Each structure stands twice: as C-alpha cells, then as structure tokens.
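In what follows, a structure is listed as structure tokens, so that the remarks can point back to it.
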Amino acid sequence: MLSNLLSSINENMTDFLDKLVFINPNVTESLTHVVGVNFYSGINLICNSIIYGFLLYYAFSYLLSHLTFSQIETPHQFVFKLLLCSLASNASLPICTGLITICSHISNMICELGNYLFDFNISFASLMEDIIPKDYFLSNSFSLFNFDGIIKASISFGFLNLTISYAIRYILIKSLVIIAPFAILSLCSNKSSWFFKAWLKSFIATLFLQIFIAIILLVCFIVKNKENSFLPAHLMYLGMIYTLFKANSFVKEFIGGFSTDLNLNPASISNIFKGGVSK
C-alpha cells in the first residue's frame, strides 16, 4: 500500500512540476485587469495617484533645502525622472511579460539542446519515464526498513517537496508582477529606490530558477547516458532529486531573492496536524 502511495506521488507530481517550473508569458494574462488595462484602472490608478505624493514630497524637500542648504536634484531632473518612471510604471505588465518571455525562451533552448543530443524531451515527465523508471517504486520488495526502501521514500517525498516549493514560486511570480508598478515608481525618489532594487533582484532570481533547473535536468540526462556505472542507480536518483530541490538555494546564493525551500517529511507532516512544524 505504501509502495502504491509513493508511486502515485511520483506519477502525479511530475505533470504538475513541468507546468509550475517552466513558466511562459501566459502567466500574466490573468493579471491584466488587476494591474490595469489603462492609466485609470487597477494598480495603475493607485500608482498614478501616488505620483502626486512624490510631487508634494519633492516640493517640500526643495523648499526646505533653501533653509538647510542640503543638496537636492534640480526640478528639471526630477520632472524628467518622474515622467519616465510614470510611463514605465504604467507599462510594467509588458515589461514583466518581456522578462518572463526571455527566461522562457532560454530554458526552452536548453531543453531543446537535450532533445537534440539525447533524443529525449528534457522535462520532469521524461525524468520519470527515461531516467527513473516507474516500476522502481512498484517493487514488491519495498520496505522502509532497508536501504533501498529509504531511498525510494526519500525520492517520493522529494518530488512532493519540489511540487509545493515550485507552487510557492508560481505564486511569488504573480505577486511580484502585481507590485511591479509600485517598484518602478519607487525610482522617483532616492529615498525609496531601494524598493525597486530589492524587487528587481527577487524577480530576476525567481525567473532565473527555471533556467537553472533546465540545466540541472540536462545534466541528469548527461549523467545517465555517460556515467551510468559511476554510482549505483538508486544513489544517482536521490542525487538528482536533491540537486533539483536545492536549486533555489543555489540561485539565492548567486543572485539573491526569496527562498521557497520547504522541508516536508513524514515528521513535519504529522506536526502540521498537531498545530506546528518541527524545526
């Protein structure tokens, strides 16, 4: 029964993983009316209202600078920067869609490279069909009280971890697209520009993750085809899953941004129903 449960996890999770990880520009279509279809709707309307706040803040700071003799940008510089930021803020959705398109094309090119080299479609579904055989989890000898059984359970819960982790990433991307107008508008003032830098780093890192995952999947196929006798098969499978699971941590170390790592194991699942997660 436990063997069937783990096999069901692996069979169903891989279909979701490909949709969650390899995000395409269509992810922003449902956000059109939220962000706004023109200057006076959705988030754009709020941001255009905030522009008046930046104007008042600059006017007060400019008058105060004559009393404190502090350095401040000239009115022409501020108005020019405010105009550019307001236009970019209202065009935030196409800008974000363009960045997502670039990352999607790069990850697709890497997957197509694997298809050209190994005649396999580089994806999580192919990982289960061509690299980790499904019957590996249906073995009658499955038991949690031997080494092979521990490896099988670890791989299955690893797939479950990946699915929930990348689902969190999917929600984060939508959330970052929604707050993009505010982030771009924050460039109007040097006091608030830090918000745009933090947003941009998080958005780029979250998108770059799917490129890094495509590279890892490509390496998994390379290892399977070129170094099949280097390690026992079940250890290779576990190494592949663990590397995919830690991909977010690797990207966070290089670029920064949010962490969507999730420690999901039988102990933590049981603690959820008790009212908390063990640390």
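Please read these numbers as outputs of a predicted model, since none were measured by experiment.
Counting heavy atoms from C-beta on, the side chains of R169 and I23 come closer than 4.5 Å. Side-chain contact check for T163 versus L20: some heavy-atom pair is nearer than 4.5 Å. Side-chain contact between F203 and L172 is absent, with no heavy-atom pair separated by less than 4.5 Å. No side-chain heavy atom of F22 sits less than 4.5 Å from a side-chain heavy atom of S104. Contact annotation: the side chain of L187 never approaches that of F195 to less than 4.5 Å [non-hydrogen atoms, C-beta and beyond]. In this structure, the side chains of I211 and F208 come closer than 4.5 Å at one or more pairs of heavy atoms. A 4.5 Å side-chain heavy-atom check between Y58 and L82 finds every atom pair outside the cut-off.
Of all the heavy atoms in L185 and C47, the pair that sits closest is CD2-O, 3.2 Å. The nearest pair of heavy atoms linking L218 to I122 is N-CG2, 4.0 Å. Pairing each heavy atom of L93 with each of T32, the nearest pair is CD2-CA, 3.8 Å. Across all non-hydrogen atoms, the minimal contact from A88 to I95 is O-CD1, 3.8 Å. What you find for L17 and Y166 is that their closest heavy atoms are CD2-CD1, 3.5 Å. Heavy atoms only, all atoms of each residue included: A214 and S107 are closest at CB-O, 4.0 Å.
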Under the side-chain contact (heavy atoms from CB on, under 4.5 Å) criterion, do L200 and F196 qualify, and how do the steps go? CA-CA 6 Å; L200 182 63; F196 173 80; 4.0 Å; yes
Starting from the C-alpha separation in whole Å, work towards a yes-or-no answer on side-chain contact (heavy atoms from CB on, under 4.5 Å) for S61 and L64. CA-CA 5 Å; S61 300; L64 191 62; 5.6 Å; no
Test side-chain contact (heavy atoms from CB on, under 4.5 Å) applied to F212 and L217, step by step: CA-CA 9 Å; F212 193 56; L217 289 174; over 6 Å; no
Kindly determine whether V21 and Y170 satisfy side-chain contact (heavy atoms from CB on, under 4.5 Å), including the steps that lead there. CA-CA 8 Å; V21 173; Y170 184 85; over 6 Å; no
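Within 6.0 Å of atom NZ in K197, 12 or fewer heavy atoms from other residues, nucleotides or ligands are found, so the atom counts as exposed in its surroundings.
Between the side chains of K191 and S186, no donor-acceptor pair is found at a separation under 3.5 Å. Side chains of S41 and N38: a donor-acceptor N/O pair is present below 3.5 angstrom, by distance only.
Side chain of S193 to backbone of N190: a donor-acceptor contact under 3.5 angstrom is found.
Residues I216 and M109 do not share a hydrophobic cluster, defined by chaining ILVMFWY side chains whose heavy atoms lie under 4.5 Å apart.
Counting only residues at least two apart or in different chains, side-chain hydrogen bond (donor to acceptor under 3.5 Å, both in side chains) contacts with residues 81-100 comprise T28-T97, N48-N90, E73-K81.
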